[in-house]
Visitor: 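Handing you a structure now.
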Amino acid sequence: MNTSASISSVEDPTHLTSVSSLFHRPEEFCSFIIFGASGDLTKRKLIPALYNLAYDGLLPDGFQVFGFAVTPMDDDTFRVSMEEGVKSSKEAKPFDKRIWDAFAKGLHYVTADFLAPEGYQNLLARLKVVEEAAQAPPNRLFYLATSPSFYSDIVKCLGQNGLTSKKATGEGWTRIIIEKPFGHDLGSAQELNASIHEVVNEEQIYRIDHYLGKENVQNIMAFRFSNSIIEPIWNRRYIDHVQITAAETLGVEHRGGYYDNAGCLRDMFQNHLLQLLAIICMEPPVRYAGSSVRDRKADVLRAIVPINPENLSDMAVRGQYGPGIVDGANVPGYRHEENVNPNSNTETYAALKLYVDNWRWADVPFYIRSGKRMPAKVTEIVIQFKRVPHLFFSLGAGDQVDPNVIIMRLAPAEGITLRFGAKVPGPEMRLRQVQMDFSYSDAFQVQPATAYETLLLDAMIGDATLFNRADQVEVAWALLEPLLEIWTATKSYQPFPNYSAGTWGPAAADALLTRDGRAWRNQMVTNMTSGAPQTTVRVDHGGEPVGARRLSHDKAKMEQQSDKT
Ligand code: BG6
C-alpha cells in the first residue's frame with residue numbers, strides 16, 4: 001500500500017567496503033581473559049566477534065585469549081570447540097583457515113574453580129609467559145561471563161592474587177568487562193559496585209550492554225546531532241509520543257534458570273531499553289567521549305518521573321506467555337519451559353508508560369514494551385510526530401493523513417524509515433502515506449560490525465563511551481525498584497498466563513495506549529488476545545481508530561466550511 005523510496009549512501013559506497021577502514025587498530029599488546037569460557041556466550045558471541053576482528057586485521061599484535069572455567073578442558077579441546085562456534089555463527093565472517101590458525105594459536109584454557117586461589121596463580125603464571133614472549137607490559141582485559149553471583153568474588157580473587165593493577169591506561173593496565181545483569185536490584189548493584197571498587201577504579205570497569213554496540217543505536221546520536229534538520233523538531237513541540245519495542249519470537253531457550261529469577265523488567269528494561277530511552281532523549285554532549293556522553297545520558301535517567309505505585313495500572317502492564325504458535329510451530333507455555341517453576345509468576349512481557357520531566361520532553365509519553373514469544377522479532381524506536389494543526393485538503397475514502405513517523409530499526413534489518421503524506425498521482429488532489437527508507441546494508445554495502453566486535457575493540461582501546469557507568473546502573477535500578485517490589489509482592493495474584501505465544505502480549509498492554517487515544521505500531525498484527533485465531537492483518541502506525549476519528553472530524557469541519565461559502 002505504501003510507496004517507498006530508498007536512500008543510498010551519498011558517498012561512493014565502494015570506498016567503505018571494508019569495515020576496518022572505520023576503526024583504529026589497538027596499538028598496545030593485551031591479553032583477554034574470559035571467566036566462564038565454557039559457556040554459551042563465549043562460543044556464540046565473544047570468539048566469533050574476536051575472529052571477525054582478526055579477519056579485519058584489527059587485533060593488536062601478539063593478542064592472546066585465556067578461557068577460565070570449571071569445565072575441564074585443555075587448550076586443544078578449547079580451540080576445537082571455539083572453531084565450531086565460529087563456523088556455526090551466522091555473524092562470523094567467512095571461515096578462513098589461515099586466519100583461524102593464526103588466531104587459534106593464541107587461544108588457551110585454564111580449568112579452575114572461580115573461588116580457589118590455585119587457578120588464579122596458574123593463570124598469572126601463564127599470562128607472564130605470553131607477556132614476556134611479547135616483551136610487553138601486563139595489559140589485561142578481563143571479561144566476566146559467569147553467573148552474576150561470582151562477579152564480586154572473581155574480582156576479589158584477581159586482586160588478591162596479583163593479577164590486577166590500578167591503572168586504566170598506560171603500561172600494565174587492567175580493565176574488567178562485566179556482563180549484564182549488573183545486580184538483581186538497587187541494593188545488590190550498589191554492593192557489587194562497592195566491592196569491585198575495592199580492587200579497581202571506576203575508569204577500569206566496562207559494564208557491557210550489547211545494545212549500545214549495535215550500529216543503529218550508535219547511529220541515533222549521529223542522526224540527531226549531525227543533521228541540522230532533525231534536532232530542531234526533536235522535542236515536545238513536534239513529537240506526540242515515542243514507542244520503543246523489543247519483541248522476540250524466542251522463548252527462554254536454555255536460560256530458564258536465570259530468566260525465572262529475573263523476568264523481563266530486569267532482563268531488558270533495566271539495561272537495554274532504558275539506555276535506548278536515554279539516547280533518544282539526551283541533550284547534545286560537548287564531545288563524543290566517555291564522560292561527556294555518559295553524563296548526558298545519566299541526566300535523562302534522573303529526569304524520568306518515578307513510577308507511582310498508586311497509579312500502577314496506568315503505567316505498567318506485565319504478562320506471561322501460555323502455549324501457542326510461533327513461526328508456524330506449536331510451542332509450550334512459559335511454565336513448561338526447561339528449568340522454569342511450573343507455577344512461576346515471572347513476567348515474560350512488560351510494557352511501561354514513562355515520562356521524562358525536563359524542558360525538552362515534559363508531557364511526552366514514552367511507551368516501552370518487550371516480550372518473549374511474540375509474532376515477530378522486532379526491535380525499533382518509533383518517533384510519532386504531532387498532526388498538522390489544520391488540514392485543508394478534501395479527502396476521499398481510503399486517503400490517509402497519518403502524522404509523520406520516524407522509525408529507527410535495530411532488527412530485523414538496521415535502518416531508518418520516514419513516513420510522510422504525498423499526493424497520489426492523477427488529476428485530483430488525493431493523499432497517501434509514503435515512506436523513505438534507509439537501510440544500512442544497502443547504503444553502505446557492508447555487513448555492519450556486530451555489537452560485540454565494536455564493544456570489545458573499544459575496551460581494548462580504552463574507550464568506555466559505549467559502556468555503562470556505576471551511577472547509570474544504580475539510577476536505572478532505583479527507577480524500577482518500586483515496580484519490582486510490587487510485582488514481587490503480588491505475584492501470587494497474577495492470572496498468568498495472560499497471552500498466547502505468537503501474539504502481541506496481554507490485552508491490557510493495548511489498553512495502555514488506547515486509553516490515551518493511541519495504538520502500538522505492530523508490523524504484523526495477529527488477532528492478538530489469548531487463544532484467538534492467527535489471522536494476520538497489516539496496519540499502519542497510529543492505528544486506524546485515531547486516524548479515522550480525526551479524519552472524519554477534519555472532513556466534517558471542511559464540509560461545514562464549504563457549507564458556509
Ligand atoms: C539479552 C537478554 O540481554 O538480550 C535476552 O538477556 C534477549 O533475554 C537479548 O533475548 C536480546 O538481544 P537482541 O540483540 O537479540 O535484541
Side-chain angles (χ1 to χ4, degrees), residues 36 39-42 44-46 48-49 89-92 143-148 151 177-184 206-220 244-277 279 318-321 326-327 331 334 337-340 344 346-350 368-381 408-415 440 447-456 466-468 473 476-477 480 501 505 523:
D40 205 35
L41 184 77
T42 306
R44 258 187 342 108
K45 296 285 182 185
L46 301 182
S89 164
K90 289 197 190 104
E91 294 171 349
Y143 196 113
L144 307 194
T146 62
S147 150
Y151 291 169
I177 305 178
I178 304 182
E179 255 303 326
K180 66 168 270 280
F182 194 92
H184 187 72
Y206 288 65
R207 294 175 194 78
I208 198 163
D209 179 331
H210 78 278
Y211 267 50
L212 299 183
K214 286 180 189 267
E215 211 66 77
N216 212 17
V217 173
Q218 297 177 68
N219 188 44
I220 299 172
I244 303 178
T245 295
E248 298 183 83
T249 51
L250 292 179
V252 288
E253 307 291 282
H254 304 297
R255 298 162 73 224
Y258 148 76
Y259 196 89
D260 209 29
N261 275 313
C264 184
L265 268 193
R266 290 188 171 90
D267 189 47
M268 294 295 290
F269 280 72
Q270 190 275 338
N271 34 69
H272 308 321
L273 299 181
L274 286 179
Q275 286 296 316
L276 293 183
L277 176 69
I279 301 172
R318 59 178 154 164
Q320 186 194 80
Y321 64 84
V326 176
D327 291 336
V331 297
Y334 175 70
E337 300 276 17
E338 187 187 324
N339 294 329
V340 168
S344 172
T346 298
E347 81 284 356
T348 59
Y349 175 97
I368 310 176
R369 65 176 166 168
S370 178
K372 301 262 183 213
R373 289 291 192 215
M374 311 250 96
K377 168 81 182 168
V378 180
T379 316
E380 65 180 20
I381 299 157
M408 311 191 83
R409 274 187 320 279
L410 314 183
E414 294 189 279
Y440 255 97
Q447 187 65 19
T450 63
Y452 278 98
E453 262 166 83
T454 304
L455 295 170
L456 293 182
L466 299 179
F467 292 82
N468 285 332
V473 171
W477 277 123
L480 297 180
Q523 286 196 328

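Every value quoted in this text rests on a predicted model; they were computed, and no experiment measured them. Just follow the structure's listing: the first ligand is 1, and inside any ligand the first atom is 1.
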Visitor: Salt bridge or not for Glu380 and Arg409, using N-O below 4.0 Å?
Guide: no
Visitor: Under 4.5 Å between any side-chain heavy atoms of Glu347 and Gln320, yes or no?
Guide: no
Visitor: Could you state the interatomic distance from NE2 (His210) to OH (Tyr452), rounded to the nearest 0.5 Å?
Guide: 6.0 Å
Visitor: Drop me the distance from Arg255's CZ to Leu250's CG, to the nearest 0.5 angstrom.
Guide: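 With rounding to 0.5 Å, CZ (Arg255) is 9.5 Å from CG (Leu250).
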Visitor: By side-chain hydrogen bond (donor to acceptor under 3.5 Å, both in side chains), which residues pair with Thr249, not counting sequence neighbours?
Guide: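 For Thr249, no residue satisfies side-chain hydrogen bond (donor to acceptor under 3.5 Å, both in side chains) once neighbours in sequence are set aside.
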Visitor: Distance under 4.0 Å, heavy atoms only, partner ligand 1: which residues pass?
Guide: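 Shell around ligand 1 (4.0 Å, heavy atoms): Lys180, His210, Tyr211, Lys214, Glu248, Arg255, Asp267, Met268, His272, Lys372, Lys377.
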Visitor: Can you tell whether the side chains of Asp40 and Lys45 come within less than 4.0 Å, N to carboxylate O?
Guide: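 Between Lys45 and Asp40 there is no salt bridge, as every charged N stays at least 4.0 Å from the carboxylate O atoms.
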